[in-house]
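Here's the structure, in structure tokens; my notes come after.
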Amino acid sequence: MLDQRLLRDNPAQIVEGLSRRGMDVDLEGSQQLAQRARDLEQQRSELQAEGNRIGRQVGERIKAGATPGGEEVKALRDEGNRIKHRVAELEEQERGLEQQLREQLLGLPNLPSPLCPDGRSEADNVEVKRWGEPRLGTLASGKPLQEHWQIAEGLGIVDTERSVRIAQSRFVTLLGQGARLERALISFMLDRHTARGYTEVLPPILVNSASLTGSGQLPKFAEESFRCADDDLWLTPTAEVPITSLHRGEVLAEGTLPLKYVAYTPCFRREAGSYGRDTRGLIRLHQFNKVELYWFCHPQESEQAHEQLTTDAEGVLEALDLPYRRIELCTADLGFSASRTYDLEVWLAGAATYREISSCSTCGDFQARRAGIRFRDGGKTRLLHTLNGSGLAVGRTMAALLESGQQDDGSVVLPEALVPYFGADRIVRD
RNA sequence: GGAGAGGUGGCCGAGUGGUCGAAGGCGCAGCACUGGAAAUGCUGUAUAGGGGCAACUCUAUCGAGGGUUCGAAUCCCUCCCUCUCCGCCA
């Protein structure tokens with residue numbers, strides 16, 4: 001959520017920032033709402049002050065010996081009642097205005113960082129770096145490199161058809177070495193990040209509406225999450241949601257920042273509007289596993305933290321010998337809560353393309369304001385900054401490993417770093 | 001799911017209708033004392049919003065929301081949460 005003070009004092013800055021995202025917003029309505037709410041508050045609090053004075057007078061008169069039912073006291077009571085009703089009216093109006101204003105503000109995305117490159121579409125994203133040698137060409141036999149779902153099918157480690165029976169399309173069941181590899185990857189990633197100072201978290205994956213609002217998924221993106229019918233609970237679309245709310249409403253003590261968390265969770269997304277895309281394999285599922293990195297940090301440190309978090313995510317790819325590139329998203333491609341984002345794209349040898357495997361964002365104080373997360377900074381309480389990034393999406397990591405490590409005989413050679421976790425250096429057909 | 005107890009400031013804890021934003025203690029900060037420290041003493045120490053250049057001031061907040069009242073931390077209703085016991089269960 002954007003700062004209401006900014007709306008009052010420098011609305012042009014909001015208009016400009018959002019126009020960099022390609023949005024044309026008219027803030028006049030919101031400004032007027034804010035102004036009217038403030039005027040009402042002024043009026044109301046003056047009336048309340050008057051009412052408080054009267055209340056006190058009644059007490060004093062009675063103490064001084066006035067008859068509680070007498071004329072003098074009755075006049076004051078009548079006046080008190082009149083004020084009370086007037087205050088109630090004003091309060092109702094004020095609440096209405098404030099709620100409207102809040103709804104409007106909650107619907108506005110974060111302002112892009114000054115460092116975020118301008119752009120009109122994802123075509124304007126900027127490649128920052130590349131790492132590793134993408135596997136190109138064909139198998140030794142001359143046959144083309146296969147895509148991960150073909151390899152997985154050949155190995156019998158993924159069952160898509162039966163998953164439809166269990167749930168519906170866009171769900172998978174991992175079997176045998178596939179299930180084992182998924183588990184190995186999760187452990188590998190968690191161990192790696194905790195060794196670098198992240199605190200491991202295993203949060204609830206059903207989250208309430210306040211949590212989704214805090215991190216920015218609500219109110220605008222309700223259609224992206226699965227909802228429980230009988231409770232105010234949703235299946236979390238990313239661990240970013242529960243971790244943001246881990247400290248929702250808190251004022252963190254001086255010296256506790258930065259807080260660095262790593263969480264493995266299943267993630268659930270409805271993927272509305274992506275019919276026909278990535279229908280095969282592990283790329284786009286309603287349920288997938290992800291290891292998420294998350295920082296709560298001092299505003300002055302968030303820029304550096306963003307680099308560090310991204311580097312930490314890249315480290316996983318490097319440890320797994322997976323070639324990737326880092327893309328800085330332009331203003332047009334930025335997510336709702338982000339002010340600046342690096343996407344990491346892993347090389348999929350079979351598909352011969354780079355695919356997103358991590359999205360590392362700094363949200364500035366946007367989520368902190370929504371979720372009310374502050375810290376003490378030399379006697380003052382101020383909003384902190386939040387950052388998040390995948391470290392990594394587990395299913396897509398498996399896809400990349402299958403495609404990069406595929407052999408002519410259908411087996412898959414795994415990177416060394418995984419051997420202690422997987423228990424073998426390759427996957428072969430049982 | 002059944003029965004009971006309870007939710008007050010950073011923490012502990014008083015407060016059952018009238019200047020209560022809330023005693024007292026702990027903690028914390030500043031000052032004094034000291035060669036330095038401990039101990040001691042004094043002072044200060046919530047959050048949010050509005051108004052004011054400022055000193056300052058007004059309002060709200062004692063789990064949340066509603067109600068009674070001129071006036072509610074205190075009385076009534078609803079909800080949420082925590083704890084204890086019983087039942088059930090991975």
Side-chain angles (χ1 to χ4, degrees), chain A residues 1-9 30-106 202-214 228 230-234 242 245-257 259 266 296 365 368-384:
Chain A
M1 189 162 63
L2 302 175
D3 192 352
Q4 288 206 31
R5 249 173 241 132
L6 191 62
L7 176 70
R8 188 200 319 172
D9 301 335
S30 301
Q31 283 178 276
Q32 277 176 15
L33 272 178
Q35 180 63 47
R36 279 163 57 205
R38 239 174 311 140
D39 291 346
L40 276 177
E41 176 177 355
Q42 182 75 9
Q43 268 186 59
R44 190 215 67 217
S45 72
E46 274 167 21
L47 263 178
Q48 279 176 323
E50 177 62 20
N52 287 342
R53 270 193 295 278
I54 289 174
R56 249 174 273 140
Q57 276 177 40
V58 173
E60 280 162 14
R61 296 294 157 85
I62 291 175
K63 242 183 206 163
T67 328
E71 275 305 308
E72 190 190 12
V73 171
K74 183 168 183 310
L76 285 171
R77 282 185 177 164
D78 289 347
E79 179 64 2
N81 268 323
R82 200 185 61 78
I83 288 173
K84 186 167 60 172
H85 289 120
R86 182 67 186 138
V87 165
E89 280 170 33
L90 291 176
E91 262 178 346
E92 198 186 328
Q93 287 177 43
E94 200 182 326
R95 248 200 313 275
L97 291 180
E98 260 157 19
Q99 197 187 327
Q100 272 183 59
L101 180 63
R102 184 174 161 78
E103 270 163 26
Q104 290 183 6
L105 285 176
L106 281 177
L202 195 63
I205 54 177
L206 291 186
V207 297
N208 58 35
S209 297
S211 294
L212 280 163
T213 305
C228 301
D230 295 329
D231 304 278
D232 178 31
L233 289 170
W234 308 63
S245 282
L246 190 61
H247 293 296
R248 175 151 51 83
E250 291 186 22
V251 179
L252 301 172
E254 190 103 25
T256 49
L257 298 180
L259 287 169
F296 295 87
D365 61 14
R369 185 173 298 104
R370 287 176 160 250
I373 312 172
R374 293 167 299 165
F375 71 109
R376 290 201 196 283
D377 189 18
K380 298 204 161 190
T381 53
R382 48 186 302 208
L383 295 168
L384 47 72

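Here is the naming used below: chain letters follow the sequence lines, and residue numbers restart at 1 for every chain.
With the nearest nucleotide of RNA chain B identified for both A:Glu91 and A:Gly80, A:Glu91 has the one nearer the 5' end. Between A:Arg374 and A:Arg53, the residue anchored closer to the 5' end of RNA chain B is A:Arg374, taking for each the nucleotide with the nearest heavy atom.
Distance NE2 (A:His85) to P (B:G67): 10 Å, rounded to an integer number of Å. As rounded to whole Å, 18 Å separates atom P of B:U59 from atom NZ of A:Lys84. The separation between A:Leu233 atom CG and B:C80 atom C1' is 14 Å, rounded to whole Å. One atom, CG of A:Asn208, and another, P of B:C81, lie 11 Å apart when rounded to the nearest Å. Rounded to a whole Å, the CD atom of A:Gln4 is 8 Å from the P atom of B:G50. As rounded to whole Å, 17 Å separates atom C1' of B:A48 from atom CD1 of A:Ile373. Between A:Arg95 atom CZ and B:U59 atom C1' the separation is 15 Å, expressed in whole Å. For the pair A:Glu50 CD and B:G71 P, the computed distance is 13 Å after rounding to whole Å.
Nucleotides B:G30 and B:U19 are separated by 30 Å at their C1' atoms, to the nearest Å.
Atom CZ of A:Arg102 has 12 or fewer heavy atoms from other residues, nucleotides or ligands within 6.0 Å.
For the pair A:Glu71 and A:Lys74, the salt-bridge criterion is not met [side-chain N within less than 4.0 Å of a carboxylate O]. By the 4.0 Å N-to-carboxylate-O rule, A:Glu41 lies too far from A:Arg38 to be salt-bridged with it. For A:Asp9 and A:Arg5, the salt-bridge test fails: no basic side-chain N is under 4.0 Å from an acidic carboxylate O. Between A:Glu92 and A:Arg95 there is no salt bridge, since none of the side-chain N atoms of the basic residue sits less than 4.0 Å from a carboxylate O of the acidic one.
Each of A:Glu94, A:Gln93, A:Glu89, A:Glu91 was evaluated against A:Arg44; a single residue qualifies, A:Glu94, per the side-chain hydrogen bond (donor to acceptor under 3.5 Å, both in side chains) test. When A:Gln42, A:Gln35, A:Gln43 are each tested for a side-chain hydrogen bond (donor to acceptor under 3.5 Å, both in side chains) with A:Asp39, only one passes: A:Gln35.
Regarding contacts with the backbone of B:A48, a side-chain N or O of A:Thr381 is found under 4.0 angstrom from either OP1 or OP2. Residue A:Arg5 has a polar side-chain atom (N or O) positioned under 4.0 Å from OP1 or OP2 of B:G49. At least one side-chain nitrogen or oxygen of A:Asn52 sits closer than 4.0 Å to the OP1 or OP2 atom of B:A60. Close to B:U47, at under 4.0 Å from its OP1 or OP2, lies a side-chain N or O of A:Arg376.
Of all the residues in residues 40-48 of chain A, A:Glu41, A:Gln42, A:Arg44, A:Ser45, A:Gln48 reach under 4.0 Å from RNA chain B with at least one non-hydrogen atom.
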Between protein and nucleotides 17-19 of chain B, what N or O pairs are separated by less than 3.5 Å?
| residue | atom | partner | partner atom | Å |
| --- | --- | --- | --- | --- |
| B:G18 | N2 | A:Gly55 | O | 2.7 |

Polar atom pairs (N or O), protein with nucleotides 73-78 of chain B, under 3.5 Å:
none

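Residue contacts shown for A:Asp78 are absent, as no nucleic acid heavy atom lies under 4.0 Å away. Residue contacts for A:Arg61: at a heavy-atom cut-off of 4.0 Å it reaches no nucleic acid atom on any strand shown. Contacts of A:Arg8 with the nucleic acid, taken as non-hydrogen atoms under 4.0 Å apart, involve only primed sugar atoms and P, OP1 or OP2.
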Test side-chain hydrogen bond (donor to acceptor under 3.5 Å, both in side chains) applied to A:Glu103 and A:Gln99, step by step: CA-CA 6 Å; A:Glu103 270 163 26; A:Gln99 197 187 327; 3.3 Å; yes
Check against side-chain contact (heavy atoms from CB on, under 4.5 Å), A:Gln4 and A:Leu101: CA-CA 9 Å; A:Gln4 288 206 31; A:Leu101 180 63; 3.3 Å; yes
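To the nearest 0.5 Å, the span separating CE on A:Met1 from CG on A:Asp365 amounts to 10.0 Å. Interatomic distance, A:Glu79 CD to A:Gln57 CD, rounded to the nearest 0.5 Å: 10.0 Å.
Between the side chain of A:Arg376 and the main chain of A:Val251, no donor-acceptor pair closer than 3.5 Å is present.
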